[in-house]
Every structure is written in C-alpha cells, then in structure tokens.
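A, B, ... follow the sequence lines: proteins, then strands. Residue 1 opens every chain. We use all heavy atoms of the structure for the numbers below, so side chains are in, but hydrogens, waters and symmetry mates are not.
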Amino acid sequence: MAYWLVKTEPSECGIDDFAKTPEGVIPWDGVRNYQARNFLAKMQEGDYVFIYHSSCKHIGIAGVVRVVKSAYPDPTQFDPESPYHDPKSTPEKSRWQAVDMQFERKLPRLIPLDQLKAMPELCDLPLVRKGSRLSVMPVSNREWHHILGQAD
DNA sequence: GCCAACGTTGGC
DNA sequence: GCCAACGTTGGC
C-alpha cells in the first residue's frame, strides 16, 4: 500500500466531484507527461491519494481518494474528439495510462499551499518545489502523516 | 492576465 | 545529440 498526490483543477474534477457520488468511480485520465504517467503506472488498488486543487481560488490539499483499479490504457488517447487525443497513440502501441479512483473523504479543512510550503518535512516533495509541474507524485509514509496532522 | 519555469518538438 | 522555439503549467 502506497501514498500519492495528484493535482487537479477543481473546475475540471475536484474533491467535490468525488464526494457527489461516493459510490462512483472516476477514471483518472488525461495525464500527458511521462514522469507523471510512470508514477500512475505504479499505483496499486487500495493506494491512498491526496487530491490537490490547483489554478483556483483555494489552492491546496482538499481530500483523499483511493485507487480502485490500477493502470490500464487511457481510452481518451484514442478518441479524436477528446482534448486528450494523441494521434501518435494506437491501441497496439498505447502511450498513456489511466487508473480508477473512488472517494474516501474530504479533509476537515483544506490545507493551503502556503502551509505545506512552511513544513520542513515536505522539502523533498515536488509539490512545494519552485517551478515543479509534476502532476502525479509519490508521497512517503512520513510525509503523508505529517500532512494529515495539519488537517485537524 | 502575467510570466517564470518547465517539458516537448523538430531542424540541423 | 544539441538547442532554440514553442506550448503549457500554475502561482501570483
């Protein structure tokens, strides 16, 4: 069992979209960065994932979801209608992966980016590194619990 | 809306 | 394989 963090714009798919249908399963697709994809591919069923809201009013970690299906070829890459379409990808030679996620819980309050940046324990987390654009990243057990400790 | 930092592309 | 040009990310 491992811990992760994914970035998302809440206007696209935020923690409230998960909370709306707690039984529902949301495919995490559209990842188009190789390093992020490689991390996606390592996710296992049962892993916990922080949902981080970016490019919005309240930037920070908003909740927790869980991996319910490990990596499979991202269908949006084959769909010419999709904004995530990748013409260089074919079902025989697919480039991109998706996983399925399900709501776990919202944090009692959002942990803002400022606060995360102020935690010395998180200095190795790409999220708080200047200029880092990585949208899927591993979180160590230690980091995970430090972050959760800020949520009360 | 601005713009710095970054990842990717493609000519050479 | 280098690197300039470009498009994108994402905080501010």
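The distance from the CG atom of L113(A) to the NE2 atom of H58(A) is 14.0 Å, given to the nearest 0.5 Å.
Residue S55(A) is in base contact, counting any heavy-atom pair closer than 4.0 Å across all strands shown. Contact annotation for K117(A): backbone-only contact, meaning every heavy-atom pair under 4.0 Å involves sugar-phosphate atoms and none involves a base.
Remark: P of dC12(C) and CG of L113(A) are 6 Å apart, rounded to the nearest angstrom. The CG atom of D86(A) sits 14 Å away from the P atom of dT8(C) (whole-angstrom rounding). What separates CD of E12(A) from C1' of dG10(C) is a distance of 14 Å, to the nearest Å. One interatomic measurement links the two molecules: CG of L134(A) to P of dT9(C), which rounds to 13 Å at whole-angstrom precision. In this structure, CZ of R32(A) is placed 15 Å from P of dG10(C), rounded to the nearest angstrom. Spacing between atom CG of L116(A) and atom C1' of dG10(C) amounts to 15 Å, rounded to whole angstrom units. I59(A) places its CD1 atom 15 Å from the P atom of dT9(C), with the value rounded to the nearest Å.
Clustering ILVMFWY residues whenever any of their side-chain heavy atoms sit less than 4.5 angstrom apart, transitively, puts W4(A) in the very cluster that holds Y48(A). Under the 4.5 Å side-chain heavy-atom criterion for grouping Ile, Leu, Val, Met, Phe, Trp and Tyr, V136(A) is not connected to Y84(A) through any hydrophobic cluster.
Of the candidates dG11(C), dC12(C), dG7(B), the closest approach to any side-chain atom of N33(A) belongs to dG7(B).
For residues 72-97 of chain A, the salt bridge (charged side-chain N to carboxylate O under 4.0 Å, His left out) pairs, not counting sequence neighbours, are R32(A)-D74(A), D86(A)-R95(A).
A sub-4.0 Å separation between OP1 or OP2 of dA5(B) and a side-chain N or O of K130(A) is present. Taking 4.0 angstrom as the limit, K7(A) places a side-chain polar atom (N or O) nearer than this to OP1 or OP2 of dG10(C).
If K88(A) and Q35(A) are placed on DNA chain B by their nearest nucleotide, the residue sitting closer to the 5' end is Q35(A).
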